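Here the structure comes first, spelled out in structure tokens, and everything after it is commentary.
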There are 2 protein chains.
Amino acid sequence: MKTTEGDQKPVSGMAEPVEGERPTLKTIAFMAGLGVTTVSRALKDAPEIGQATKNRVQLIAKQIGYRPNRAGVRLRTGKTNVISLVLNAQSEIMGLTSNMVYGISEVLSETPYHLTVTPYSVKNDPMQPIRYIVETGSADGIIMSRTEPNDARVRYLTEHGIPFATHGRTEMGIEHPFHDFDNETFAYLSVKSLLARGRRRIAMLAGPSPSVTYYRHLHRGFSRAVEEGGASTVAVSDIDVDTSLGRMRNRMEEIMSASNGPDGIVCCSGSAAIALVAGIEAAGLKIGGDVDLVSKQSTDVLQWFRPQIIVFNEDVRHAGRELARAVLRRIAGVDARELQSLSYPDEHDLRS
Amino acid sequence: MKTTEGDQKPVSGMAEPVEGERPTLKTIAFMAGLGVTTVSRALKDAPEIGQATKNRVQLIAKQIGYRPNRAGVRLRTGKTNVISLVLNAQSEIMGLTSNMVYGISEVLSETPYHLTVTPYSVKNDPMQPIRYIVETGSADGIIMSRTEPNDARVRYLTEHGIPFATHGRTEMGIEHPFHDFDNETFAYLSVKSLLARGRRRIAMLAGPSPSVTYYRHLHRGFSRAVEEGGASTVAVSDIDVDTSLGRMRNRMEEIMSASNGPDGIVCCSGSAAIALVAGIEAAGLKIGGDVDLVSKQSTDVLQWFRPQIIVFNEDVRHAGRELARAVLRRIAGVDARELQSLSYPDEHDLRS
DNA sequence: TAGCCTACCTGTAACGTTTCAGATTTGGGA
DNA sequence: TCCCAAATCTGAAACGTTACAGGTAGGCTA
């Protein structure tokens, strides 16, 4: 039987859908004179539906602006079509998180996925939001940052088989999707850059140790370059990238005022760099003269800050895109090992 | 009949729920020997359920960690328990958006609401994400920024009866929830501050005109103060807060190099301020000497920028909290006029 | 011709919740 | 004693979707 477009026999027991309501499968089924099952299948290009029918159904769906009801799909299939970004709600001076959000959204906007954001307070247990998402099944995939070498969240999610991707790596023998900035190379190149400027006593402001993995990468690159250059190291104690900028400045002033302060400093955060500069200058030293500073920045702000320093850019928007793609492909069943990527430091000497 | 705790007669036709699955109303109903209807009502403290039953049901629910299935609720009631933050995906140098997200989340975290973020590209129609949300019914409430004097989104949402709150005000005779920074007072006080420092030729870098409402507020406060002080005005043409920092710097250099440049400048954005400073200094002028600069900042970054300038702080995290509270109360049926709030500028002379 | 396979389509059930329209019990008043 | 109202509780239906287990028609094989 060849059904033509106009052939819309009203199916028995099926009332005409109300005008003005949001169209559902039933609406299309009524208009096409088909069963809802057929419509459902036709819309997802199932092989058991005839090509003519598919075309007709898809045309109608398009014309009346049909959009599947998310609650219906979710209730039936358990699939939420949601990716959750879990983050630490540290107040930010620079727009790191927002740019990552934009990156993620860029990728998700071409899919049926929505992005929900689940910040947790710094003081709280990082596991709490993760457990919540898993227990309530409120997302199909999770993106998270502040990855630790032995990360309880990674273990938990892996055990529960929930797709996720981390910003940063772990060191626990579990293969999982991640995207990371190559902090080791960054630290290595930064030290090289300082050595090339004749600096011999090198210090570094890193991430909180041992909680965050990239701390180790930084130190690996740092040590290697210092060693290769035959330079020496000055420890920066008591402060890390999480310290308040005020305390950072004060501590830096102390360190630089000491008799054997560093003459070259590597800093792994743009906002920290501005506090270090303040501390250095408070100690009466001149950047570029007495001491050089190299910093990573995740936002183009240090360009505008003076004195200008040497920076390496990290593109967090790109990281967001990579992470989103990774979770999506993980959800699609791609092997975790194929979803691990690094991005590389990009040096800019801002000093004009 | 007084039902005791132990009295759990299995209801006919009701199979024991599978262990390990997420508990549902049925699970509780089975355990309590009640119907799902009763359980549903007991959990929401309906008046037609006996107190003893309520206590028992609520205890069981708590013990087994029952959480209502969002898809079930959503499908049945149409309520999504989602608030959507719609924003313009401009790359940000400073962490404005993330702090607003944290503020919103702070409030939502004590409610059943989730936060989804829907960025739209700067080039795209701002109506597009709004229409999408309304047509697919994907949120119970919307928070949006970049509010315009005659805002199509506000009109559309009002007509469709969708609760929302805007960051910024409109001027279209529609009462709706908003939170706004008092830009008029900010501009007024800024000019006053410049006048007090003996500045007489005042300029301002404002938001894009006429697209964004706060442009008008800024100008109102600006003009009033300039007039009161008998000072004169220097127009800053071609650039606004949306201009790229590079162009902003160059234009500023031109303006300051002209014979009749301003000697006092008001700037309504922290990130713009750093570009203005660069332009001013490129023109060979000294801030604090030849010219004074007053800026609003939404993130504590200008503290660390030198030369230090006079700033007024805007607390975006607080704005986020206010906006979230406003949408929630609007959803609860509170009158829009009771959900309009302003926050006031807070001056800090950073110059030590 | 019968039987079978393929291609296409169908209704029913189920996901978990709330609403609707009762059902049952209890206590009290007449 | 009977009846009514109030206080509690109940199953069935519905929201929109997909999975399951068929159903029908036509053509091909034997």
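Small disclaimer: the values here were computed from a predicted structure and weren't measured. When reading the values below, keep in mind they use all heavy atoms of this one structure, side chains included, and skip hydrogens, waters and symmetry mates. Throughout, protein chains are lettered first and strands after them, A, B, ... in sequence-line order, and every chain is numbered starting at 1.
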Pairs under 3.5 Å (N/O, protein and nucleotides 15-18 of chain D):
residue : atom : partner  : partner atom : Å
dC15(D) : O2   : Arg76(B) : N            : 3.4
dG16(D) : N2   : Gly72(A) : O            : 3.3
dT17(D) : OP1  : Tyr66(A) : OH           : 2.4
dT17(D) : OP1  : Asn69(A) : N            : 3.0
dT17(D) : OP2  : Leu25(A) : N            : 2.7
dT18(D) : OP1  : Lys44(A) : NZ           : 2.7
dT18(D) : OP2  : Ser40(A) : OG           : 2.6
dT18(D) : OP2  : Lys44(A) : NZ           : 3.4
dT18(D) : O2   : Arg76(A) : NH1          : 2.2

Can you name the salt bridge (charged side-chain N to carboxylate O under 4.0 Å, His left out) partners of [X], sequence neighbours left out?
X         : answer
Glu159(A) : none
Arg169(B) : Asp180(B)
Glu135(B) : Arg67(A)

Residues in side chain to side chain donor-acceptor pair (under 3.5 Å) with [X], at least two apart?
X         : answer
Arg146(A) : Asp242(A)
His176(A) : Thr170(A)
Ser138(B) : Thr136(B)
Gln58(B)  : none

Distances under 3.5 Å between protein N/O atoms and the N/O atoms of nucleotides 6-8 of chain D, please, pair by pair.
none

Query raised in the report: If you fit an axis to the five pairs at each end of the helix from dT1(C)-dA30(D) to dA30(C)-dT1(D), how big is the angle between those two axes, to 10 degrees?
Result: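 The value is 70°.
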
Report task. Nearest 0.5 Å please: distance from the CD1 atom of Ile162(B) over to the OG atom of Ser84(B). Result -> 12.0 Å

Report summary line: Residue set satisfying ring-ring contact (aromatic ring centres under 6.0 Å, His included) with His167(B), at least two apart, ordered chain then number -> none

**Report entry** Residues that Gln51(A) engages under side chain to side chain contact (heavy atoms under 4.5 Å, CB included), provided they are two or more places apart
**Finding:** Lys54(A), Asn55(A)

